Number of protein chains: 4
Amino acid sequence: MSEGKARRDPAGFEAKRREILRAATRAFARKGFTGTRVGDIAKEAGIAYGLIYHYFENKDDILHQLFEQMWGVSLKVIEGIEAQGGSLEDKLRGIAGFFLEAWRLEPDTVEVVMKEVLRSPKFLEADNLDAFRGLFTALEGIFEGHRDELREGTQPKLIAILFLGALEILLTGMVARELLGTDADSIEQSRDALVDTFLRGIARS
Amino acid sequence: MSEGKARRDPAGFEAKRREILRAATRAFARKGFTGTRVGDIAKEAGIAYGLIYHYFENKDDILHQLFEQMWGVSLKVIEGIEAQGGSLEDKLRGIAGFFLEAWRLEPDTVEVVMKEVLRSPKFLEADNLDAFRGLFTALEGIFEGHRDELREGTQPKLIAILFLGALEILLTGMVARELLGTDADSIEQSRDALVDTFLRGIARS
Amino acid sequence: MSEGKARRDPAGFEAKRREILRAATRAFARKGFTGTRVGDIAKEAGIAYGLIYHYFENKDDILHQLFEQMWGVSLKVIEGIEAQGGSLEDKLRGIAGFFLEAWRLEPDTVEVVMKEVLRSPKFLEADNLDAFRGLFTALEGIFEGHRDELREGTQPKLIAILFLGALEILLTGMVARELLGTDADSIEQSRDALVDTFLRGIARS
Amino acid sequence: MSEGKARRDPAGFEAKRREILRAATRAFARKGFTGTRVGDIAKEAGIAYGLIYHYFENKDDILHQLFEQMWGVSLKVIEGIEAQGGSLEDKLRGIAGFFLEAWRLEPDTVEVVMKEVLRSPKFLEADNLDAFRGLFTALEGIFEGHRDELREGTQPKLIAILFLGALEILLTGMVARELLGTDADSIEQSRDALVDTFLRGIARS
DNA sequence: GATGAATGAGCGTTCATTCAT
DNA sequence: CATGAATGAACGCTCATTCAT
C-alpha cells in the first residue's frame with residue numbers, strides 16, 4: 001500500500017500515519033485489539049474510518065506496524081548497548097532497564113505490544129517469531145561475546161531465551177498492574193533481581 | 001448448569017463432559033480457539049451441535065474448564081513436591097520437570113492452555129490472574145522455606161515470578177516447535193539450564 | 001394427545017394436568033409466554049420437562065388450554081346471566097363485574113390471557129377469533145333480547161363489539177397495574193362507568 | 001446511531017431510512033414482526049443485509065420507530081382537533097374518524113401498529129405505556145374542557161380510557177378483516193355508533 | 001408414568017473492507 | 001485526500017421437541 005505511489009507530500013503522509021498509529025495505540029490499550037473497531041480508531045484520530053485504509057492495509061496491519069516500530073527501536077537499542085561495550089552485567093542491566101523503562105515512557109505502546117502481540121496466539125506463528133528471533137539472536141550474541149566469563153556448559157541460546165522469558169514476565173506483571181509495582185524503585189528492584197539472579201544465581205555460594 | 005437438576009447418571013454425565021473436553025482440546029490445538037467453531041467441536045466429539053450446551057455454559061466455558069483442570073493438577077503437583085521435602089534444587093527441578101514433561105504427555109492440552117489462555121489478552125484480567133497467583137504463591141512459599149540457603153536480599157516473590165516467566169518461555173518455545181527441541185534430551189537440558197541458572201547463576205564464580 | 005388412550009387413572013391424570021396448567025400460568029404471568037421456557041414450567045411444577053409432553057401437545061397447547069378454560073367459564077357465566085333474566089342493566093353489570101372480578105380472584109390467569117392471548121398478534125387469526133366471536137354473539141343476543149329498550153338504529157352487533165372493547169381496556173389497564181386502580185372500589189367505579197355510559201347512551205331516552 | 005457522525009447528505013439519509021421503514025412495514029404486515037427476518041426486510045427494500053443496521057439499531061428499533069412515527073402524527077392530529085375548537089361531538093367524531101380513516105390510507109402501517117405494538121405483550125411495559133398515556137391525557141383534556149356538558153359524576157379519565165378501548169377494538173376488528181366491514185360506509189357507521197353511544201351516554205340529559 | 005440426554009433448525013447481529021462520489 | 005454508504009460472510013446461542021431407558 002505504501003510503496004509505489006507517488007505521494008504529493010510524503011512527510012505529511014507519514015505524519016498522519018503516525019498520528020493514526022498513536023490513536024490506534026490508545027484505542028487498543030483501552031479496549032484491546034479485538035474490542036476496538038476500525039471506526040473507534042477513526043474517531044480517536046478524528047477522521048473518517050474509510051481514510052484508515054489509505055494509510056494501512058487493514059486492521060491487522062496497524063497492529064503489525066505498531067509492533068514493528070517498537071521492535072525496530074528495541075533492536076537498535078540492544079545493538080547500541082552491545083556496540084558500546086562494557087561488562088556483561090552492564091549490558092544486561094541496560095537491556096532490562098530499557099524495556100522496563102519503556103513501559104514508564106509509553107505504557108500504552110508497551111501494553112498493546114505485550115497483550116496483543118506477544119501474548120496473542122497468532123504470535124506463535126512463524127512470521128512473528130522471526131522478529132522475536134532477532135532479539136534472541138542479538139542477546140545470544142552478547143552472551144557469546146562474554147563466553148569466557150560464563151560457566152562452562154552454559155548455552156548462550158538457552159540462557160538468552162530464559163532471560164527474555166523472565167524479562168517478559170516482569171513486563172507482563174507491570175502491564176497487569178497488579179503483580180508488580182510500577183514506581184521507579186520497584187522497577188529498579190525488578191531489573192536488579194533479574195540481572196543479579198541470572199549473573200550470580202540465588203544460592204548462597 | 002449443574003445446579004438444581006438431579007442427574008440420573010452423574011458419572012456418565014461427567015464422562016461425557018470429559019469426552020467433549022478432550023474433543024475440544026484437539027480442535028483448539030488444531031485451529032486455535034477462535035478458529036474453532038462450536039460445530040467443529042461437536043463434529044470432533046461426534047455429537048449434535050446443541051448438546052455442547054448441556055455440558056458447558058458456552059464456548060468460553062470450555063476453554064475455562066480446560067484451564068481449570070490443568071491448573072488444578074498443576075497446583076496439586078507443586079504442593080506434593082513441597083510436601084515431599086528435599087533440597088531446593090530437587091523441588092525446582094521437580095516443578096520445571098513436571099511442566100516440561102506435561103507437554104510430552106499431553107501436548108494438545110498444554111498447547112491450548114499456553115496459546116489460548118496464558119498468551120491471551122484476556123488472561124491479564126483479574127479473574128484469571130487469581131489462578132496464576134496461586135502458583136506464584138506456592139512457589140514463593142517454597143523459596144521462603146529455604147530462605148537460609150538463599151543470598152541475602154533475595155526476594156522470594158520476585159524470584160518466583162522470574163522463575164515462572166523463564167519456565168513459561170521454555171514451554172512457549174516448545175509449543176512453537178521451532179525455538180526449542182522437544183525430545184527428551186532437549187527437555188532435560190532446558191530444565192537443567194533453568195534450574196542451574198536460577199540456583200547458581202551463570203557467572204563464573 | 002388426550003383422546004383415545006386408556007388412562008389407568010383418569011382422575012389423577014386430570015389433576016396433574018391442572019397442576020401443570022397452574023404452574024404454567026404462574027410462569028407465564030411472571031415472564032411472559034415467549035420468555036418462559038418449557039423447562040421453567042417444569043421447574044415451577046416440580047417435574048421433569050419431558051413430562052409436560054405427556055399432558056400437552058406442545059407449549060402452544062398449554063396457553064391454548066388456559067384460554068379455553070377461562071373462555072369456557074366466561075361463556076357459561078354470560079349464558080347464565082342471560083338465562084337468569086332481569087334488566088339489561090343488570091345483565092351488563094353482571095358481565096362486566098364478572099370479568100373485572102375475575103382479575104381479583106385469579107390475576108395470573110387473567111393477566112396471561114389478556115397479555116398473551118387477546119393482545120397477541122396470533123389472536124387475530126381466524127381460529128382464535130372464532131372463540132371470541134362466541135362472546136360477541138352471546139352479548140349481541142342479549143342486546144337483541146332487549147331491542148325494544150334500545151334507541152332506534154342501534155346495531156346490537158356493533159354495540160356488543162364496542163362494549164367488549166371498552167371492557168377489555170379496563171382489564172388491560174388493571175393488568176398494567178398503572179392505568180387503573182385495582183382495589184374493590186376502583187373496580188366498582190370502572191364497572192359502573194362502563195355500564196352507565198353504554199346504557200344511558202343506547203337507552204331509548 | 002445518528003449522534004456524532006456528520007452525515008454528508010442528511011436528507012438522503014433520512015429518505016433512505018423512511019424507504020426501509022416502508023419496506024419493513026410491508027414485510028411486517030405480510031408475515032408479522034416475529035415471522036419477518038431482517039433479511040426479508042432487506043430484500044423488500046432491495047438493499048444488503050447489513051445496511052439495515054446503518055439506519056436502525058436493531059430489528060426492534062424498526063418497529064419502535066414505526067410506532068413513534070404513527071404516534072407522533074396521531075398526537076398532533078388530536079391536538080389540532082382540540083385547538084380547532086368546536087363541539088365535543090365534532091371533536092370525538094374527528095378523533096375517531098382520523099384513526100378509522102388512517103386504516104384506509106395506510107392499512108399496512110395501522111395493521112402493524114395494532115397487531116405488533118398495541119396487541120403485543122411488550123406494549124404493557126412502562127415505557128410504551130407512557131406514549132399511550134399521552135393519548136389518554138389529551139383525550140381526558142378534551143372531556144374536561146367540556147365538563148359542563150357532561151353528566152355529573154362523569155370521570156373524564158375513565159371515559160377517555162373507555163372511549164379509546166372501544167375505538168381500538170373497532171380498528172382491531174377492521175384489521176382482522178372479519179369482524180367489521182372496511183368500506184367507507186361501514187367505517188362511517190362504526191364511527192357514528194361509537195361517538196353517539198358515548199355522547200348520549202355522557203351528555204347531560 | 002417419568003426422566004433428561006440428544007437433536008438441529010433458525011436468526012439476529014457485528015464489522016472489516018470496498019468504492020462511488 | 002476524504003467520506004461514509006454499502007456489502008455480506010461468519011457464528012454463537014436458544015429452545016421446543018423427541019425418544020431411549
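All values reported here derive from a predicted model rather than from experimental measurement.
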Checklist entry - Taking only residues two or more places apart in sequence or in another chain, which ones pass salt bridge (charged side-chain N to carboxylate O under 4.0 Å, His left out) with A:E14? => result A:R17, A:R18
Per-pair distances, 0.1 Å, donor-acceptor, side chain in residues 32-39 of chain B, under 3.5 Å, sequence neighbours excluded:
| unit_1 | atom_1 | unit_2 | atom_2 | d |
| --- | --- | --- | --- | --- |
| B:T36 | OG1 | B:A27 | O | 3.3 |
| B:T36 | OG1 | B:G32 | O | 2.6 |
| B:R37 | NH2 | B:D40 | OD1 | 3.4 |

Next on the checklist: Counting only side-chain heavy atoms from C-beta out, which of E:dG1, F:dC1, F:dG8 sits nearest to A:F13?
Outcome noted: F:dC1
Checklist entry - Looking only at side-chain N and O atoms, does C:K16 come under 4.0 Å of OP1 or OP2 in E:dA2? => result yes
Checklist entry - Of all residues at least two apart in sequence or in a different chain, which pass the salt bridge (charged side-chain N to carboxylate O under 4.0 Å, His left out) check with D:E19? => result none
Checklist entry - Who passes side chain to side chain donor-acceptor pair (under 3.5 Å) against D:Q69, sequence neighbours left out? => result none
Checklist entry - Within this structure, what is the NZ-to-P distance between D:K43 and F:dT7, rounded to whole angstrom? => result 14 Å
Checklist entry - side chain to side chain contact (heavy atoms under 4.5 Å, CB included) with D:E68: which residues, sequence neighbours excluded? => result D:H64
Checklist entry - According to the side chain to side chain donor-acceptor pair (under 3.5 Å) rule, which pairs have a member within residues 21-31 of chain B, sequence neighbours left out? => result B:R26-B:E44, B:R30-B:E44
Checklist outcome for this item: Here the distance between atom P of E:dA16 and atom CD1 of A:I41, to the nearest Å, is 8 Å
Could you pull out the protein-nucleic contacts involving nucleotides 16-18 of chain F (nitrogen or oxygen on both sides, under 3.5 Å)?
| unit_1 | atom_1 | unit_2 | atom_2 | d |
| --- | --- | --- | --- | --- |
| F:dA16 | OP1 | C:K59 | NZ | 3.1 |
| F:dA16 | OP2 | C:V38 | N | 2.9 |
| F:dT17 | OP2 | C:Y53 | OH | 3.2 |
| F:dT17 | OP2 | C:K59 | N | 3.0 |

Checklist entry - Which residues in residues 23-31 of chain A have at least one heavy atom lying under 4.0 Å from any atom of DNA chain E? => result none
Checklist entry - Between A:I47 and B:L51, who's closer to the 5' end of DNA chain F by nearest nucleotide? => result A:I47
Checklist entry - Which distance, rounded to the nearest 0.5 Å, do you find between the CD of B:E116 and the CD of B:E111? => result 8.5 Å
Checklist entry - Looking at residues at least two apart in the chain, or sitting in another chain, which of them share a salt bridge (charged side-chain N to carboxylate O under 4.0 Å, His left out) with B:D9? => result none
Checklist entry - B:I52 has an atom CD1; how far is it from atom C1' of E:dA5, in whole Å? => result 13 Å
Item to check | Nearest-angstrom distance from the residue atom CD1 of D:I62 to C1' of E:dG12 | outcome: 11 Å
Checklist entry - Between D:I20 (CD1) and F:dA5 (P), how many Å, whole number? => result 11 Å
Checklist outcome for this item: side chain to side chain donor-acceptor pair (under 3.5 Å) filter on C:D61, not counting sequence neighbours, yields C:Q65
Checklist entry - Quick one: salt bridge (charged side-chain N to carboxylate O under 4.0 Å, His left out) partners of D:D60, sequence neighbours excluded? => result D:K122
Checklist entry - Rounded to the nearest 0.5 Å, what separation is found between the CZ atom of C:F56 and the CD1 atom of C:I41? => result 8.5 Å
Checklist entry - How large an angle, rounded to 10°, do the end axes of the helix from E:dA2-F:dT21 to E:dT21-F:dA2 enclose when each is built from five base pairs? => result 0°
Checklist entry - For C:D40 and F:dT14, what is the distance between atoms CG and P respectively, to the nearest whole Å? => result 13 Å
